[in-house]
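To start, the structure under review is shown below, and the notes come after it.
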Amino acid sequence: MEKNKLRKVSATGPTKHTGITLTEPADYAAGIPGVKAALSHTFKEMGVFKSLSTLSHMNQKEGFDCPGCAWPDPDHRSNLGEYCENGAKALAEEATSKRVDADFFSKHSVEELSEWTDFEIGKSGRITEPFLLKPDSSHYEPITWEEAFQLTAKHLKELDSPDEAIFYTSGRSSNEAAFLYGLFSRALGTNNMPDCSNMCHESSGVALSETLGIGKGSVTIEDFEKAEVVMVIGQNPGTNHPRMLSALQKCKKQGGKIIAVNPLEEAGLIRFKNPQQVEGIAGVGTSLTDIFLQVKVNQDVPLLKLIIKKLAKLEKEKGGVFDQEFIKEKTSGYEALLADLENYNEADLLRECGVSAQPIEETVELLAQKKKIIICWAMGLTQHKNGVENIKECVNLLLLKGSIGKPGAGTCPVRGHSNVQGDRTVGIMHYVSPKLNSAIESTFGFAPPTKAGVDVVRAIEAMHEGKAKVFVALGGNFLSAASDTLYTAEALTNCELTVSISTKLNRTHLVTGKTALILPSLGRSEKDMQGIKQRYLTVENSMGKVHRTKGVLKPASGNLKSEPEIVAGIANAYFGANHQVEWKILGEDYELLRTKMEQVLNGFNNYSQRSASTGFYLPNNARVADFSKLPNGKAQFSVCNLPQHKLNDDEFLLMTIRSHDQFNTTIYGLNDRYRGIHNERRVVFMNESDMQKAGLAKMDQINLMSYYEGIERKAENFLVIPYNIPQGNLAAYFPETNILVPHNHYADKSYTPISKSVQVKIAKI
Ligand SMILES: Nc1nc2c(c(=O)[nH]1)N[C@H]1C(S)=C(S)[C@@H](COP(=O)(O)OP(=O)(O)OC[C@H]3O[C@@H](n4cnc5c(=O)[nH]c(N)nc54)[C@H](O)[C@@H]3O)O[C@H]1N2
Ligand SMILES: Nc1nc2c(c(=O)[nH]1)N[C@H]1C(S)=C(S)[C@@H](COP(=O)(O)OP(=O)(O)OC[C@H]3O[C@@H](n4cnc5c(=O)[nH]c(N)nc54)[C@H](O)[C@@H]3O)O[C@H]1N2
Ligand SMILES: [Mo]
């Protein structure tokens, strides 16, 4: 186990096995096992009565937004509940009755806790009051809120430059908290605002901004009922966005077709039994995928190029395949795209993508006839060196078909955290927006910095090089989420101070700067009281709709603060009460804060009022096919290159994915039910012929190693599971495999780590 230098803490936790059992992979998602799994988690953590009464408020109009993923709520909410199995698990995790209190920390040293697994750390419960870890100390101890704010302010004041501070955000905070946090960072004088989306959909943001003029998707949830074809590429909705399956089911009921593109045949994409409908609980369910394209890892560009090339041939032969009117009026770069296709031959593209010919022919035939196409994607496309081009190739296909800016068609990057999109909208970004800066200046009377800040990759490097010394995190688990765990651990331990605003204990609280603070915040499901008045916050879903969220539970402890209050507390301690921004008041009075946000942000007019009920959509130029802000006023076709992976015979491409029982670094349980894995996380999925070649049998133990620039990185002790996965590819869970991902390898332009195509070797133990 790897130790870190300051305190002898482990950056990874133990690599022991937990007692695996295997079943056949499932061929449908949700249904009764889903309902049972959901309730068993909530019953265990919260008790039966509290579970049922709380779940009935989740995602309802006057209730709270699910703290899980960002999938939108339909306008008509189901009486059987508007939540999924994994949303219920997210709630159970937040509403657990277990507590991390002063007694807990006096019993367990930081070193001891770091030897626990992530699962054990997470299950220790909710943090009850602020805690301080002193430089020479082995245990966290309680500290008052005011002392914690003053200590943070003192460290910030001691910096030589504001750029020595880093303000990380994870996408679970509200719009209000994130806005205030960004405002504080700018008032301090730095744009060092890395965000979890740098590791997530940044490639989508870059690709969509350059081609369509907006970094967000263009579809609404209603579009799924109107779409003729939905392509789901590099995404596992059955686990990560289960409520999306209801939208796919609606699409199928209206006669739509679904094409899944994935190295794995994920259960959720095969068949779906909708637990929000009686027939879904009792019946056989809806079969979802019509065509499954089992692509090799990171060979989506060759696959899409092949499909486009075949469509172009049909267009040339008989016409009516591409939307020529749309192409002429709305796009630029069509000829260059067609000319580039001449550089490739079909046989090569077919071999490279690894998909068999027949389903590709079916795909081409289907797409040739249809005009309303939605493409959905997630981490399977974004987390590669060529992540940005993966998405641009999807945009090419949509533009050729005129499938942008009309009902039933468009782009659908399916977001991760429940408010990751909102946080970016309200100003969490490391780059400079002159428009936002001038709006902030006219509203608050100070000029924000004009030098770009650091994103996640460059924040790690800055801390590692000693250029950044104070790290503050609004949520998240930076150490375990980021790549190159040991390098990131060194980066964090180089800091003078690390501050985590968190609900639950995680490894970033254990591998810290010399001094560390944990500032516990209210969770999404909890009542946020100001005196006798209950406040609400707002979030933005994956489709750009802003709406309210209002908790229903009694807070986990009487000594928690809301995120806006915590951010304002730090800012007030730094700037004092006479500053031109009334931090303390803004952190308490969200209505006042929203009126300020309304002045600064585009599309937020009448913010509070319009956020009621189902909320309001933000402006979206791609949704209405307005490309006037792009070069020539047109949407842009892109000429994309083929990804290059030169693998030796003993090398594999590893994708680091989520099990069914985790939310990023929070481990709900040790099962991955749909893939047939029970009670174990240290598994690696492997093609049987690769196993034979390597002389491996089922359940053999192996180590995984990566060698970038000659540096060996090793993840130990994985059990080999024969699986339906393309030859040359492996899959294993993160965060256990993050130790293998080199910090200096990331997507061009977006700097998203290459978590889905890590070049590795294996060694039998
Ligand atoms: N329950 C639950 N919900 C979640 C999360 C969670 O951890 N748990 N996380 C949230 C977050 S932050 C996010 S970003 C999303 C993530 O949602 P997903 O992106 O669905 O999550 P991953 O497990 O990373 O799955 C990636 C999928 O892409 C496929 N894939 C991998 N490489 C390739 C490739 O090269 N090409 C193609 N075509 N496919 C590939 C994998 O087989 C897998 O099916 O989910 C959000 N929702
Ligand atoms: N190898 C590999 N690495 C990956 C990925 C991958 O697919 N493969 N996926 C990447 C992706 S897509 C993402 S988005 C990142 C995620 O990166 P992060 O967002 O940093 O990680 P999470 O695990 O979501 O953060 C969980 C922690 O957030 C805190 N928390 C939960 N709820 C709240 C709340 O309401 N308020 C506050 N203040 N804190 C809260 C809890 O303390 C919890 O421990 O990981 C990335 N890392
Ligand atoms: Mo994400």
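Counting starts at 1 for both ligands and their atoms, following the listed order.
- With a 4.0 Å heavy-atom cut-off, ligand 1 is reached by no atom of His660.
- Of all atoms in ligand 1, listed by their number and element, those nearer than 4.0 Å to a heavy atom of Leu264 are 42 (O).
- Geometrically, ligand 1 and Tyr668 share no nitrogen or oxygen pair separated by less than 3.5 Å.
- Using a 4.0 Å cut-off between charged nitrogen and carboxylate oxygen, Lys296 and Glu352 do not count as a salt-bridge pair.
- Under the 3.5 Å distance criterion, the side-chain polar atoms of Ser706 are matched with a main-chain donor or acceptor of Leu740.
- For Lys89, no heavy-atom contact with ligand 1 is shorter than 4.0 Å.
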Kindly indicate, with the supporting measurements, whether the criterion salt bridge (Lys or Arg N to Asp or Glu O under 4.0 Å) is fulfilled by Lys89 and Glu93.
CA-CA 6 Å; Lys89 289 184 203 161; Glu93 206 62 31; over 6 Å; no
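- Distance alone, capped at 3.5 Å, places no donor-acceptor pair between the Thr656 side chain and the Phe734 backbone.
- Ring-plane geometry between Phe663 and His417 is classed as tilted, the angle between the planes lying from 30 to 60 degrees on a 0 to 90 degree scale.
- Counting atoms of ligand 1 from 1 in the listed order, those under 4.0 Å from a heavy atom of Thr239 are 1 (N), 2 (C), 3 (N).
- Short contacts between ligand 1 and Val295, defined as distances under 4.0 Å to a heavy atom of the residue, involve ligand atoms 38 (N).
- Ser557 and Asn559 share no donor-acceptor pair across their side chains, judged by distance under 3.5 Å alone.
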Show, in sequence, the C-alpha distance, side-chain angles and deciding distance for Asp484 and Asn738, and conclude whether the side chain to side chain donor-acceptor pair (under 3.5 Å) test is met.
CA-CA 6 Å; Asp484 226 341; Asn738 251 336; over 6 Å; no
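- The aromatic rings of Tyr168 and Phe478 lie perpendicular to each other, with more than 60° between the two planes, well past the 30° mark.
- The shortest N or O to N or O distance between Pro237 and ligand 1 is not below 3.5 Å.
- Which parts of ligand 1 touch Ile233 is read off a 4.0 Å heavy-atom cut-off, strictly below it: atoms 38 (N).
- Side-chain contact, Tyr733 with Asp672: a donor N or O sits under 3.5 Å from an acceptor N or O.
- Less than 4.0 angstrom separates some heavy atom of Asn298 from each of these atoms of ligand 1: 34 (C), 35 (O).
- Between the side chains of Glu202 and Ser750, no donor-acceptor pair is found at a separation under 3.5 Å.
- Looking at Asn86 against ligand 1, only its side chain comes within 4.0 Å, counting heavy atoms.
- Per-residue contacts place Glu266 under 4.0 angstrom from the following atoms of ligand 1 (heavy atoms of the residue considered): 42 (O), 43 (C), 44 (O).
- Defined by atom type and a distance below 3.5 Å, a donor-acceptor pair is missing between the side-chain atoms of Asp423 and Asn175.
- Residues with a heavy atom under 4.0 Å from ligand 2: Tyr168, Ser170, Arg172, Cys196, Met199, Cys200, Met379, Gln383, His417, Gly475, Gly476, Asn477, Ala481, Ile501, Ser502, Thr503, Lys504, Asn506, Ser521, Glu563, Thr656, Arg658, Phe663, Asn664, Thr665, Thr666, Phe734, Asn738, Ser755, Lys756.
- Note on Arg682 versus Glu736: no salt bridge recorded, every NZ/NE/NH1/NH2 to OD/OE distance being 4.0 Å or above.
- For ligand 1, the atoms sitting less than 4.0 Å from at least one non-hydrogen atom of His384 are 34 (C), 35 (O), numbered in the order shown with element in parentheses.
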